[in-house]
Amino acid sequence: MVRITLTNLRKTFGEVIATDDVNMVLEDGKLSTLLGPSGCGKTTLLRLIAGFYVPDKGRIFFDDRDVTDLPPNLRNTGMCFQSYALWPHMTVNDNISYGLKIKRVQGMKYTKSAIQKRVNDALELVQMTGLGDRTPHQLSGGQQQRVALARALVIEPDVLLLDEPLSNLDAKLRHEMREEILRIQGELGITTVYVTHDQIEALSISDMVAVMDKGYVQQYAPPREIYDSPQTLFVADFIGKCTFLDGEISGLGETLNVRLPDGQIIKGITPLDGYPFEMNEQVRCAVRPEDLHKAPTSSQDNSISGIVEQVIFVGSNVEVHFSVGDILATSLLPPEADVAAGSKIQLYAPPLQMMILPKGGVDALRKIPGHPLYASGE
Amino acid sequence: MEMSTNDEQIENHDVELEEVRFPLVDIPMRFLYAIVGLFLWFFNKIKSFALWVYRQFKRFFGFFQNPGENSRILGSRFMAGARQLRREMDTLSWVQLFAIIVVFGLFLIAPLLSVVFGSFFTESGFSLDLIIQLFSNPAYVPQWEPSNFNWIRPTGAGNVEIWGIDLGIILNSVYVAVAVTLIAVILGTSFAFIIARYEFPGKGVLRTLLLFPMLSTPFIGAIGIKWFLNANGFLNNWASAIFSAIGLEWTRFELHGLMAIIIVQGFSLFSLVYLNAYSSFMSIDPALEEQAENLGATGFKLFRSVTLPLAMPGIQAGAILTFILSIEDLGTPIVYSEDLQAQKVLAFQVFDSIVGESGSIDPLGPAIGMILLVFALSGFLAIRKYASLRSYTSGSKGGQWNPRTRHLRRKTTILMYCIVIPVLLFALIPQISVVLLSIVQYRSSALFPPLTVENYTILLNGDIVNAILNTLKYAGVATVGIVLLGVSAAYIISRRNIPGKTAIDMLVTSPIALPGIVIATGYFTLFYNTPFFPMGAPAFIITMSYLVRKFPFTVRAAYAGLQQTPVALEEASLNVGATRNKTFSSIVVPLIGVSVLAGALLSFVYCVSEVSTSLLLGGANYYEAPLTYWIRDVNAGLPPLYGAGPAAALGVLMMVLQMIVITVTNAILKTRASAMTGI
């Protein structure tokens, strides 16, 4: 088991910057997720860790060992490919034992019986006992996924790398395999890097989540923190739903005042500790639908009024879409709330739930002393 | 209610709508536009090529404007390249790469360079004498006299001879090749579309039949065609018999000179276009066509606006390959060389300039060869462009799909067969006639000529047995070399990200386009009387020429196999600790094995039926000469021992071998069958 340290990683493909300025420590035995839309550089980062790409800049450490220039076959990582990449010309047993036959422990190889034992153990771990003689195309998608997992785990890797492992499965199976991966990871306590574009998946299984966009790590934090205190507008938008209101800073302090174009003043706090806000700076206020209430909780609450456009019943709640000027806002109200389309509505948001974020995304992060991206460009 | 909204819409959009009209005047107008467009397109091509040349020159001379800075950039690029190389390559790859470069450098690049040199340097040093001499020779430069256009010539016996038009050797070669390409494109594309898009009884048989024209060499086919289409040949006899039975008179006709070359080549080479077009049609994502149908395009509109443009790169690649193979084909002009007109093509002139046994070369040979080389190389570059474009036909994602096919109604099927069968029969004349020729008695012109197996006694002739063994030996050794080097080359090209990869790719696939006679000429000028090619012992150099010339087939097949194998399968192997070499032997080779087998079979069969280098090099010592050399010798000899009959018997032997191989490889390669043409 190792701790993975990434410092100043950059990888370009020709003119395209796939990933840049990555500084992260993936802790020993934890499950860390790389989350982001397609093309955000998450798979590139995973393949850098696996050794299939060599970074243009920066280093990769497994504990204190610099593995940046080590070829993939010497890194002792176990990777599950999105397509599973099971060798079609080999049986399940052959697929799993392949790595063991190559593995050398202090210059010596495993005996036949040791290999068979380990293969059987691995099959048992993924609940596939007895299916060792099948060939990959005789297996269902979920079974193939299990074999791929067993193949990656059987060599006792230091790091488990999972590249969108569930994206080819149907919803029910996906849920099942998610539990399965979580169970195996917990049992083995192996440092795991998990790539996905599904935010629910990421939030529910990870110890740490790295949200990526346009090649940059936007935020690297535990799932709760990602949801409660998004550090960039992208994170706020990508994780969960948010209503955004544009405005400019009209008062600094513990709580910030933001003047909306129509003159309303909104009070809020920023999740971005240490960002040097200035007066009249253009900012954006973000509020989660569940933080807009029908009744005020205190006199400090911001009040927002608009016209209801649409009411959608989603079971446990009703989703109310209403327009504030040009902006379409969303609120999640208890099902007993009595609202109808076309009527006026007045909602209240506590200042502690009103998040104020600077514009400029990653560039804003560079202005925060102590942030991994701080002035690293210079 | 609905009507009224509709009317309202029309009302509202009055300005934006107009009536659908198609006046008859449009037809000639569109035709005119098409012609003008064709010319504009052509000039644009020339213009863009000129611009490209200009830019390259500018880049080259731009270097000297700021030598310090630029050499620093160049230096750092070089260092980056070297680093890249070190990371990507291991010992095995280095050995593979080195072997490929040595073999191709020695047996392809060097001889070609020596031909180019030979056409500019004489004993007295650099001179343009040879080129000037060539272009001042009236036989070469464009020329026309009224008598040349007289292409239908009735003979005294009441027959009609159809000749080509003699425009001078260089133009002859070009226009013959253009005509051949046109025939090939029309036939090939039509057949490919029918096979790719329609289901009908007998499709499987038709598919296999369509492959036959490609693999029989034009050399042997031409012998058959010549006999079959003779004024007293099989076709004329039957036509005349049928015509007189219904009370009409059939004018016996005969093909001669350049016209004969056009017909023979056109009907032998169309399967190159067919295979490439077929692969292209099959690799079009059905969703692309379905989307067009969804938007209202059907029938010809759909074909013209979506299907054809998507298949175009494949068709173009096949067409250019046809052009090149036609211009460099030596077999057909030799068979028709009794007509002086048929000798007036570039390929024959090169052949003529080399007197085999003595190894002496008319200095004009290399100069003519160089002209051929220019055509071939520009064609090859164009093929590369189109073949690389082909990737967009399979660019869309979504995994496996079933290609669109439609069942033909019975009536349509019959109608289709009414057109297809005569065309196919005509296309298969070379094959049919060679078989017939081999079993009928000498010079029989009866409707049902007496059959004989006498011709096959040629197979017992000591010289012939020796030649067959030679051929198998050369082709076998060459194929082993091709497989070893070809798999290596394909692997390096598709999997190793090294600088100069494209150059290697070009190097190993270019032999498909490079004229064999020019390479053979190069062997004579460069290697004659050296250990590679001792006087009177061409065995080694013939083997090497086979290896180099038939290399692309295996590389292409192996490459196609690699393209179909996801890289993730290899990465998974590296990931669990296997080295690159181990991955290569235990993952890559088993996965692409079948494709390589198909490629190797093709390479072998093409080696066996190779004509141009075999003829030229075999002449150095005919006891070491391969079978194709002897087929020509047998054909030129006198009956009963030698002559057309026994030559056809040998041709049948070769065809049997070829048919086995194409059936097997076609089954293996399926829709990737375009790999059979080497591009």
Side-chain angles (χ1 to χ4, degrees), chain A residues 13-14 38 43 46-47 49-54 56 68-90 94-105 109-110 122 136 147-163 168, chain B residues 76-77 79-94 396-400 494-499 501-502 558 561-597 668:
Chain A
F13 296 105
S38 61
T43 297
L46 189 80
R47 292 170 66 86
I49 296 172
F52 295 123
Y53 295 150
V54 178
D56 301 348
T68 316
D69 295 317
L70 217 55
N73 51 317
L74 301 179
R75 290 200 183 187
N76 199 28
T77 61
M79 180 153 170
C80 268
F81 291 81
Q82 188 176 4
S83 59
Y84 313 142
L86 298 180
W87 299 303
H89 61 303
M90 296 183 185
D94 292 339
N95 263 287
I96 298 176
S97 62
Y98 182 84
L100 286 173
K101 286 177 189 155
I102 292 158
K103 190 169 172 163
R104 299 286 178 271
V105 181
K109 62 176 194 171
Y110 286 113
V147 174
L149 198 59
R151 185 177 65 184
L153 286 172
V154 79
I155 55 164
E156 297 168 33
D158 293 331
V159 180
L160 178 62
L161 304 173
L162 304 168
D163 187 1
N168 288 335
Chain B
S76 72
R77 249 191 231 161
M79 287 307 294
R83 266 202 306 279
Q84 183 90 355
L85 257 183
R86 218 180 43 222
R87 198 163 54 228
E88 289 285 332
M89 302 292 279
D90 46 47
T91 332
L92 180 67
S93 302
W94 277 117
S396 38
K397 292 197 170 179
Q400 293 278 311
S494 95
R495 292 294 196 262
R496 294 292 151 90
N497 182 18
I498 56 169
K501 198 173 73 171
T502 326
L562 280 170
Q563 293 301 84
Q564 298 224 322
T565 312
V567 191
L569 293 178
E570 287 157 54
E571 289 174 344
S573 165
L574 290 176
N575 182 256
V576 293
T579 57
R580 292 205 147 177
N581 294 348
K582 166 83 181 160
T583 305
F584 183 73
S585 62
S586 62
I587 306 291
V588 177
V589 170
L591 284 176
I592 65 167
V594 187
S595 302
V596 174
L597 176 71
I668 295 174

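Since the structure is predicted, the reported quantities are computational estimates derived from the model, not experimental observations. FYI, side chains are in, hydrogens and waters are out, and symmetry mates aren't considered; it's all heavy atoms of this structure.
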Practice item. Measure A:Val54 against the heavy atoms of chain B and call it side chain, backbone, both or neither at under 4.5 Å. Key: side chain

**Study point:** With B:Arg580 via salt bridge (charged side-chain N to carboxylate O under 4.0 Å, His left out) - residues at least two apart
**Key:** B:Glu88

Review point. Non-hydrogen atoms of chain B under 4.5 Å away: do they reach the side chain of A:Leu86, the backbone, both or neither?
Key: backbone

Exercise for review: For chain A, find which of B:Thr565, B:Val567, B:Leu574 contributes the most heavy-atom pairs closer than 4.5 angstrom.
Suggested key: B:Leu574

Check your understanding: Is chain B contacted by the side chain of A:Ser83, its backbone, both, or neither, given a heavy-atom distance below 4.5 Å?
Key -> side chain

Practice item. Rounded to the nearest 0.5 Å, what's the gap from OH on A:Tyr98 to OG1 on B:Thr583? Could you check? Key: 4.5 Å

Exercise for review: First locate atom CH2 of A:Trp87, then atom CG of B:Leu591, and finally report the distance between them rounded to the nearest 0.5 Å.
Suggested key: 10.0 Å

**Study point:** Region of A:Ile155 that comes under 4.5 Å of a non-hydrogen atom in chain B
**Key:** side chain

Point to revise | Pairs flagged by salt bridge (Lys or Arg N to Asp or Glu O under 4.0 Å) wherever residues 72-85 of chain A is involved - sequence neighbours left out | key: none

Practice item. Using non-hydrogen atoms and a 4.5 Å limit, figure out which bit of A:Arg104 sits close to chain B: side chain, backbone, both or neither. Key: neither

**Study point:** Closest non-hydrogen atom pair, A:Arg151 against B:Val576
**Key:** O-CG1, 3.9 Å

Point to revise | Taking every non-hydrogen atom, the tightest pair across A:Ile102 and B:Ala578 | key: CD1-CB, 3.3 Å

Review point. Considering only heavy atoms, which portion of B:Ser586 lies under 4.5 Å from any heavy atom of chain A: side chain, backbone, both, or neither?
Key: both

Study note, to complete from the structure: For B:Asn575 and A:Met79 the tightest heavy-atom approach is OD1-N, 2.6 Å

